[in-house]
Amino acid sequence: MDFKIAVIPGDGIGPEIMTETLKVLDKVGEKYGHNFNYTTVLAGGAAIDATGACLPQETLDVCKASDAVMLGAVGGPKWDNMPGGERPERALLGLRKELGLFANLRPAMVFDQLADASPLKPEIIDGGLDIVIVRELTGGIYFGERGTEAGTPEEGTVAWDIEKYSEMEIKRIAKVAFDMAMKRGKKVTSVDKANVLDSSRLWRKTVAEVAKDYPEVELDNFYVDNAAMQLVRGPKQFDVIVTSNIFGDILSDEASQITGSIGMLPSASLGEGNFGMYEPVHGSAPDIAGQNIANPIATILSAAMMLRYTLGLGKEADAIEKAVSDFLDAGYRTPDICGPAARAAGQYKTTSETGDLIAGLI
Ligand code: NAD
């Protein structure tokens, strides 16, 4: 089959990790008889340098005309104080909004081979860990009304941001979570602050209504403070966590840290239908850019998510995940996950060697 993929390498290590990911995708195409047609476009700092705007219209047009988008990462100190306030990270918000990407999926998994990298005690993550956080991405406090104004003389300046959700927004994100749970452990934990917030009470009630359509899935409700605690006390109790934009932002970063290897974690942002944008959880790592030492596995695993969720190629996605696992089983490590033993045994691999080896294992 033929597929159109918009590729945004981005900044910092973005181009390096994307090159390796396309190498692996090409191998999948060769092996399984698919054509992945890539159109490379600019966003972030690279786009500011070339066009003055962090998200050129051409990039949006190419993304909208594609089946899926693969993104490296954007940003870096070079663009931190641009005149006019243009920032690379604004490209991400623009892409999510313009492409209607309302659901962010972040798996937090501990690979058995890398269990030592987790900051949690071995008994807490024994037997591996595999959670998916489904975060609402286009509503809530990040997009609500906001303002800054002069208060009373005692108050000084006053600022506010409004957390607001509609039933429609809650229903569609809850459905993504329940559909995902049906393909996994059949458990959804909805996270809110319903003891305090009206928006959370509507969230809880609406998620419970959606749950009626999924009798096989067990639904739990946690307050966000408890969820934050349970993620480090007993993360294995979770399968799919569904939550609002701001709570999901915080909990998914917490969950990624318990895996201990940010260079391994993929993510997906989905819209209506099958369209999606796929990118690693980490940023553009300007501190290691251009040295051929970045770990490309998070981006390679994001490509596997693209095959599974947007292109409907489950077998091919499995092949990538198996190749990554075989790479680790063989004892190979990139510098960020390389302990002294692997280093001494000469098992350390550069970015490009990692791409070659994983492509070879497909
Ligand atoms: P970061 O994730 O880029 O880096 C944090 C640390 O992890 C660094 O020490 C880095 O070297 C290391 N690291 C990250 N990815 C790695 C990989 N694949 N292999 C090996 N090591 C890796 O986060 P940061 O330093 O806070 O941000 C750097 C820039 O990236 C900033 O401009 C930030 O705004 C941007 N950013 C972009 C995205 C995105 O594009 N989605 C996400 C987060 C941060």
Side-chain angles (χ1 to χ4, degrees), residues 7-21 24 41-49 54-55 59 63 69-82 85-97 99 101 104-106 108 111 114 117 119 135 137 142 248-250 252-257 259-269 276-303 305 324 327-328 332-339 342-343 348-355 358:
V7 174
I8 305 176
D11 309 314
I13 61 170
E16 298 167 62
I17 54 181
M18 191 56 78
T19 301
E20 303 316 311
T21 301
V24 174
V41 281
L42 296 172
I48 295 177
D49 286 351
C54 65
L55 183 57
T59 298
C63 291
V69 182
M70 281 293 314
L71 172 79
V74 297
K78 181 179 170 194
W79 302 280
D80 274 350
N81 295 301
M82 296 299 291
E86 194 71 359
R87 285 186 60 86
E89 293 78 1
R90 281 182 37 200
L92 295 175
L93 288 182
L95 281 163
R96 288 171 188 166
K97 186 162 170 275
L99 301 176
L101 305 173
N104 184 232
L105 269 53
R106 277 178 51 168
F111 289 82
L114 302 178
R135 166 188 169 197
L137 206 54
Y142 293 171
D249 190 6
I250 299 164
S252 54
D253 262 25
E254 184 190 3
S256 70
Q257 287 305 308
T259 71
S261 40
I262 192 157
M264 303 289 297
L265 297 175
S267 82
S269 300
M277 181 167 89
Y278 297 83
E279 60 182 309
V281 161
H282 61 72
S284 59
D287 52 332
I288 57 165
Q291 299 174 40
N292 198 23
I293 57 171
N295 185 350
I297 294 179
T299 319
I300 292 171
L301 291 173
S302 303
M305 291 181 84
V324 167
F327 170 90
L328 297 173
Y332 300 133
R333 298 289 184 268
T334 49
D336 57 317
I337 51 170
C338 194
R343 206 171 281 269
Y348 161 102
K349 296 295 164 199
T350 64
T351 310
S352 48
E353 286 168 340
T354 301
I358 293 174

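In what follows, every heavy atom counts, from backbone to side chain, and hydrogens, waters and symmetry copies are set aside. Sequential numbering from 1 along the given sequence is applied to the chain's residues. Each ligand, and each atom within it, is numbered from 1 in the order the structure gives. Not measured: the values here are computed from a predicted model.
Among all non-hydrogen protein atoms, the one lying nearest atom 22 (C) of ligand 1 is Ile288 CD1, 4.0 Å. Of the protein's non-hydrogen atoms, the one nearest atom 40 (O) of ligand 1 is Val74 N, 2.9 Å. Closest to atom 17 (C) of ligand 1, if we only count protein heavy atoms, is Asn295 N, 3.7 Å. Distance from atom 6 (C) of ligand 1 to its nearest protein heavy atom, with residue and atom name: Asp287 OD2, 4.9 Å. Of all protein heavy atoms, the one closest to atom 41 (N) of ligand 1 is Glu279 OE1, 3.2 Å. Taking atom 13 (N) of ligand 1 as the reference point, the nearest protein heavy-atom neighbour is Ala285 CB, 4.0 Å. Scanning the protein heavy atoms around atom 42 (C) of ligand 1, the nearest turns out to be Gly283 CA, 3.6 Å. Nearest protein neighbour of atom 33 (C) of ligand 1, counting heavy atoms only, is Glu89 OE2, 3.5 Å.
A salt bridge links Arg106 and Asp253; the closest N-O separation between the charged side-chain nitrogens and carboxylate oxygens is under 4.0 Å.
For atom 19 (N) of ligand 1, a protein non-hydrogen atom is found at a distance below 4.0 Å. Per-atom contact check: atom 26 (O) of ligand 1 does not touch the protein, criterion being a heavy-atom distance below 4.0 Å. Put simply, atom 35 (C) of ligand 1 has protein non-hydrogen atoms near it, under 4.0 Å away.
Of the N or O atoms in Gly76, one or more lie within a sub-3.5 Å distance of an N or O in ligand 1. Residue Asp80 has no N or O atom closer than 3.5 Å to an N or O atom of ligand 1.
In terms of heavy-atom proximity, Leu114 sits nearest to Ser261 at CD1-OG, 4.3 Å. When all heavy atoms of Cys54 and Ala47 are compared, the pair lying nearest together is O-CB, 3.6 Å. For Glu86 against Ile48, the heavy-atom pair with the smallest separation is CG-CD1, 3.8 Å. When every heavy atom of Ala294 is checked against every heavy atom of Thr351, the shortest pair comes out as O-OG1, 2.7 Å. Ile293 approaches Pro335 most closely through the heavy-atom pair O-CD, 3.4 Å.
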Side-chain donor-acceptor contacts of residues 11-21 below 3.5 Å, not counting sequence neighbours, with atom names and distances?
{"from": "Asp11", "atom 1": "OD1", "to": "Gly45", "atom 2": "N", "distance (Å)": "3.4"}
{"from": "Asp11", "atom 1": "OD1", "to": "Ala46", "atom 2": "N", "distance (Å)": "2.8"}
{"from": "Asp11", "atom 1": "OD2", "to": "Gly45", "atom 2": "N", "distance (Å)": "2.7"}
{"from": "Asp11", "atom 1": "OD2", "to": "Gly75", "atom 2": "N", "distance (Å)": "2.8"}
{"from": "Glu16", "atom 1": "OE1", "to": "Asn292", "atom 2": "N", "distance (Å)": "3.2"}
{"from": "Glu16", "atom 1": "OE2", "to": "Gly290", "atom 2": "N", "distance (Å)": "2.5"}
{"from": "Thr19", "atom 1": "OG1", "to": "Pro15", "atom 2": "O", "distance (Å)": "2.8"}
{"from": "Glu20", "atom 1": "OE1", "to": "Lys23", "atom 2": "NZ", "distance (Å)": "2.6"}
{"from": "Thr21", "atom 1": "OG1", "to": "Ile17", "atom 2": "O", "distance (Å)": "2.8"}

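Remark: distances from the non-hydrogen atoms of Ala298 to ligand 1 are all 4.0 Å or more.
For ligand 1, the atoms closer than 4.0 angstrom to any heavy atom of Gly75 are 32 (O). The ligand atoms of ligand 1 that sit less than 4.0 angstrom from a heavy atom of Leu92 are 39 (C), 40 (O), 41 (N). Close contacts of ligand 1 with Ala294, meaning ligand atoms under 4.0 Å from a residue heavy atom, involve 19 (N). Of all atoms in ligand 1, listed by their number and element, those nearer than 4.0 Å to a heavy atom of Ala73 are 40 (O).
In this structure, Ser267 and Leu265 have side chains that are not in contact, with every pair of non-hydrogen atoms separated by 4.5 Å or more. By the 4.5 Å heavy-atom criterion applied to side chains, Asn295 and Pro280 are not counted as neighbours. Here the side chains of Arg96 and Asn104 are not in contact, with every heavy-atom distance at 4.5 Å or above. Side-chain atoms of Ile8 and Leu95, non-hydrogen and from C-beta on, do get closer than 4.5 Å to each other.
Counted within 6.0 Å of CG on Asp287, heavy atoms from surrounding residues, nucleotides or ligands total more than 12; the atom is thus considered enclosed.
Among Lys78, His282, Gln291, the residue whose heavy atom lies closest to atom 15 (N) of ligand 1 is His282.
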